[in-house]
Amino acid sequence: MATITAGHALAKVLVSWDIDHIYGITADSINNTVDGLYQERDHLKYIQVRHEEVGSLAATADAKLTGKVGVSFGSAGPGATHMFNGLYDAKMDHAPVVAIIGQSATPIMNTYFFQEMDQDPMFSDVTDFHKQVTNPDQIPYVMDEAIRYAYQTKGPAVVIIPDNLSGETIDFEPYHTAKVLKSATTPAVDDSAVDAVYELISKAKHPVLWVGLGMKDAREEVVNFSEKFSVPVLSTAPSTGIMPTDHPNFMGSRGRLGTKPAFEVTQAADLIILAGTNYPFSRFLPKGIKFVQINNSVADLGKQRDIDLTVLADAKPFFAKLNQKGAAIPATPFLKAAQQDKKNWDAWLNKVADDDQSGLNPEAVIRAIKDHSDDDAVFGLDVGNNLMWSIRQLPFNHDQKLSMSAWFGTMGYALPASIAAKLSYPDRQVFSISGDGGFSMVMQDLLTQVQYQLPIVNVVLENKAFGYIQHEKITANQEPYGIHFIGADWAGFADSMGAIGIKVTDRESLAQAFAKVQDLQAAGNTKPILIDAKVKNQDPVDTSFMPIDPEQFDKATIDTYTAQSNLFDQPPFSELLKNES
């Protein structure tokens with residue numbers, strides 16, 4: 001047993017859970033807690049961000065990328081409120097995080113002192129675990145419980161600490177209870193459910209497998225299923241990479257972030273298997289499709305739409321058993337048409353990338369990232385058109401990782417996520433990809449990358465507009481009011497911050513930029529790099545609804561859509577299917 005400050009005991013609890021870095025900004029209401037972190041500085045690195053929102057988002061990205069709890073802190077009042085974006089993102093995307101919130105010292109609480117406020121109710125919506133400690137001995141105990149709660153619920157927990165309490169001395173003996181990170185109980189695989197799913201597959205002519213993050217450790221099972229039963233595979237956008245993106249049976253994602261083949265195979269499907277996902281937009285799929293949902297959460301079964309067959313099970317062991325059933329099914333006309341649809345789509349993306357006659361296309365920038373990224377690269381992705389281009393083109397066929405703000409959809413996510421990625425995977429190549437709108441929300445924390453010598457490649461796609469919202473205005477026949485804004489010399493900004501800025505305006509300067517990046521990386525560069533890509537404001541093709549099939553739409557509708565979308569050399573799926581039948 002040691003006699004130490006309660007703040008030091010808190011830091012020891014964090015270290016005991018293998019937490020090696022923490023984000024935040026110190027202030028008078030949390031100084032004693034930060035001094036406790038200082039006592040464990042050899043084991044727990046304090047990452048001083050320039051805005052608490054960035055620290056909170058980075059902690060959430062840590063949790064998404066590694067599965068380990070992410071931790072950030074903020075002072076009372078504004079420090080606490082700045083952290084909501086990261087906490088809600090963790091709640092919506094089921095990421096285990098803990099937020100440590102400072103509070104005024106107990107003698108001045110409830111006296112209307114500077115920055116003193118009743119913070120506990122503020123967090124009641126974001127989590128059920130929001131506890132304010134009332135004596136110093138509680139601090140390490142509540143901290144330990146908060147971490148356990150975050151792991152149990154895969155969500156956020158909040159610990160509020162009056163500053164004077166963390167500075168008081170306590171007798172502390174480290175806890176010896178096992179650090180269990182995962183639940184030991186999972187629903188057993190029901191053999192009769194395996195038989196029922198197999199029967200549906202064997203009868204279906206146009207089956208599709210749609211995987212979510214619940215299948216993130218099941219790449220082998222997904223690939224084996226797809227190849228054995230000749231089934232095209234989609235993924236939700238956050239689970240991109242479960243199926244290798246260069247596999248001919250992988251169609252991409254459906255929706256605004258999707259692809260033409262993904263949209264068309266789901267429109268033509270007669271059976272869709274939702275595995276490890278609670279995909280919200282499945283409710284908009286055509287009628288007449290049979291649905292199977294495999295999920296280990298009872299609450300998620302049928303949450304988004306009526307399901308013909310529900311299976312309560314972990315998807316990975318379920319598919320391991322399912323793959324043992326029956327004989328292999330040779331490639332069907334449906335699968336062959338889907339494969340050709342994907343080839344055509346990939347060829348179109350390359351043709352668009354090749355064309356810079358009227359300005360640099362974003363597809364060219366993403367392709368350059370793809371061509372110069374390692375097989376274990378990590379990508380922090382922002383919200384907006386940049387995410388659409390990234391999901392469609394980036395390679396996730398080896399050990400690459402991505403982190404995005406999926407359900408909460410907060411702009412400014414990419415830069416904090418890249419910081420988390422480089423700290424968690426220091427030996428990997430890390431990219432952040434943002435639009436100029438999202439990047440400008442958090443650009444001050446490029447300084448954090450500089451300060452901690454994080455050689456991240458930050459790519460800013462500048463089109464001087466909120467492009468994702470611009471599309472919504474166009475489709476709603478509204479004026480693009482409030483959409484456009486001034487640009488900036490982002491490369492110059494990076495240089496002024498101590499980073500390395502590179503401006504690109506066409507394919508030639510783009511190639512030169514990535515050649516320079518390669519040279520810098522080979523030379524052991526420790527500075528962050530910012531590629532300032534001046535791209536044309538081209539509205540990316542909306543794949544959530546694609547009226548291009550002449551069997552369903554008139555010529556005027558098709559011509560209008562393809563012209564607005566710059567879509568060419570893309571025969572409809574019905575034509576491809578006829579050719580294979």
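Sequence positions, counted from 1, serve as the residue numbers for this chain.
Smallest separation of non-hydrogen atoms from Leu257 and Met388: CD2-CG, 3.3 Å. Nearest heavy-atom pair across Ser75 and Ile101 is O-CG2, 4.2 Å. The heavy-atom pair separating Tyr151 from Gly67 by the smallest distance is CE2-O, 3.5 Å. The shortest non-hydrogen separation linking Tyr149 to Ala157 is CD2-CB, 4.0 Å. Shortest non-hydrogen contact noted between Ala488 and Asp532 is O-OD2, 4.0 Å. The shortest heavy-atom contact between Met215 and Ala275 is CG-O, 3.5 Å.
Asp489 contributes a side-chain N or O that, together with a main-chain N or O of Gly492, makes up a donor-acceptor pair within less than 3.5 Å. A donor-acceptor pair is defined here as one N or O able to donate and one able to accept, closer than 3.5 Å; no such pair exists between the side chain of Lys503 and the backbone of Ala513. Looking at Asn135, its side chain does come within 3.5 Å of a backbone N or O of Asp137 through a donor-acceptor pair. Although no hydrogens or angles enter the test, the distance criterion places no donor-acceptor pair under 3.5 Å between the side chain of Ser424 and the main chain of Ala421. Side-chain atoms of Tyr425 never come within 3.5 Å of backbone atoms of Val430 as a donor-acceptor pair (strictly under, hydrogens ignored). The backbone N or O of Gly24 sits less than 3.5 Å from a side-chain atom of Tyr46, completing a donor-acceptor pair. For Asn463 (side chain) and Val535 (main-chain N/O), no donor-acceptor pair under 3.5 Å exists by modelled atom type. Although no hydrogens or angles enter the test, the distance criterion places a donor-acceptor pair under 3.5 Å between the side chain of Arg392 and the main chain of Gly258. Distance alone, capped at 3.5 Å, is enough to place a donor-acceptor pair between the Ser29 side chain and the Ala76 backbone. Remark: the backbone N or O of Gly86 is paired with a side-chain donor or acceptor of Thr60 at under 3.5 angstrom.
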Step by step, would you call Glu472 with Arg256 a salt bridge (Lys or Arg N to Asp or Glu O under 4.0 Å)?
-> CA-CA 11 Å; Glu472 295 172 355; Arg256 285 280 300 274; 3.6 Å; yes
Given Val459 and Ile369, is the side-chain contact (heavy atoms from CB on, under 4.5 Å) satisfied, shown in steps?
-> CA-CA 9 Å; Val459 180; Ile369 298 171; 3.8 Å; yes
Do Ile19 and Val69 pass the side-chain contact (heavy atoms from CB on, under 4.5 Å) test, and can you show the C-alpha distance, the side-chain angles, and the key distance before you say yes or no?
-> CA-CA 8 Å; Ile19 296 164; Val69 72; 3.4 Å; yes
Evaluate the criterion side-chain contact (heavy atoms from CB on, under 4.5 Å) for residue pair Lys216 and Ser239; output intermediate values, then yes/no.
-> CA-CA 7 Å; Lys216 65 182 178 180; Ser239 58; over 6 Å; no
Checking side-chain contact (heavy atoms from CB on, under 4.5 Å) for the pair Leu530/Trp490: CA distance, chi angles, key distance, verdict?
-> CA-CA 8 Å; Leu530 189 148; Trp490 301 111; 3.8 Å; yes
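Looking at Glu173 and Lys12, no side-chain N of the basic residue comes within less than 4.0 Å of a carboxylate O on the acidic one, giving no salt bridge. Salt bridge absent: Asp436 and Lys464 never bring a charged side-chain N and a carboxylate O closer than 4.0 Å.
His8 and Gln39 share no side-chain donor-acceptor pair at under 3.5 Å. There is a side-chain donor-acceptor pair under 3.5 Å between Ser403 and Tyr413. His471 and Asp542 are linked by a side-chain donor-acceptor pair at a separation below 3.5 angstrom, with hydrogens and angles left out of the test. For the residue pair Gln119 / Gln132, no side-chain donor-acceptor distance below 3.5 Å is found, with atom types taken as modelled. Counting only N and O atoms by type, the side chains of Ser405 and Asp89 include a donor and acceptor under 3.5 Å apart. Gln400 and Arg428 share no side-chain donor-acceptor pair at under 3.5 Å. Side chains of Asn164 and Thr106: a donor-acceptor N/O pair is present below 3.5 angstrom, by distance only. Using modelled atom types, one finds a donor on one side chain and an acceptor on the other under 3.5 Å when comparing Gln470 with Asn537. In summary, the side chains of Tyr23 and Asp62 do present a donor paired with an acceptor at a separation below 3.5 Å, with no hydrogens or angles considered. Checked by atom type, the side-chain pair Asp171/Thr3 shows a donor-acceptor distance below 3.5 Å. There is no side-chain donor-acceptor pair under 3.5 Å between Ser56 and Asn85.
To the nearest 0.5 angstrom, Glu116 atom CD is 6.5 Å from Met109 atom CE. Rounded to the nearest 0.5 Å, atoms CD1 (Ile161) and CZ (Phe73) are 11.0 Å apart. If you take OG1 on Thr5 and CG on Leu10, they are separated by 9.5 Å, rounding to the nearest 0.5 Å. Note that the CG atom of Asp539 and the CG atom of Asn385 stand 6.5 Å from one another [nearest 0.5 Å]. With rounding to the nearest 0.5 Å, the separation of CG in Leu44 from CH2 in Trp17 is 15.5 Å. Of the inter-residue distances, the one linking Asn278 atom CG with Leu301 atom CG reads 9.0 Å to the nearest 0.5 angstrom.
Around atom NZ of Lys131, no more than 12 heavy atoms belonging to other residues, nucleotides or ligands sit under 6.0 Å away. Atom OH of Tyr141 is surrounded by 12 or fewer heavy atoms from other residues, nucleotides or ligands within 6.0 Å.
Looking at His43, Lys179, Lys68 one by one, the single match for side chain to side chain contact (heavy atoms under 4.5 Å, CB included) with Asp18 turns out to be Lys68.
Ring centroids of Phe485 and Phe466 are separated by less than 6.0 Å, placing the two rings close together.
A 4.5 Å side-chain heavy-atom check between Phe514 and Val504 finds every atom pair outside the cut-off. Contact of the Asp382 side chain with the Met411 side chain is registered, since non-hydrogen atoms from C-beta on lie closer than 4.5 Å. By the 4.5 Å heavy-atom criterion applied to side chains, Leu394 and Ile433 are counted as neighbours. Taking the side chain as every heavy atom from C-beta outward, Gln453 and Lys527 never approach each other to under 4.5 Å.
Applying the side-chain contact (heavy atoms from CB on, under 4.5 Å) test to Pro174 and every residue at least two apart in sequence or in another chain returns Phe172.
For residues 437-450, every residue pair satisfying the side-chain hydrogen bond (donor to acceptor under 3.5 Å, both in side chains) rule, not counting sequence neighbours, is listed here: Ser418-Gln449, Asp445-Thr448, Gln449-Asn458.
Using the six-membered ring where Trp is involved, Phe439 and Phe493 have ring planes that are perpendicular, over 60° apart on the 30 and 60° scheme.
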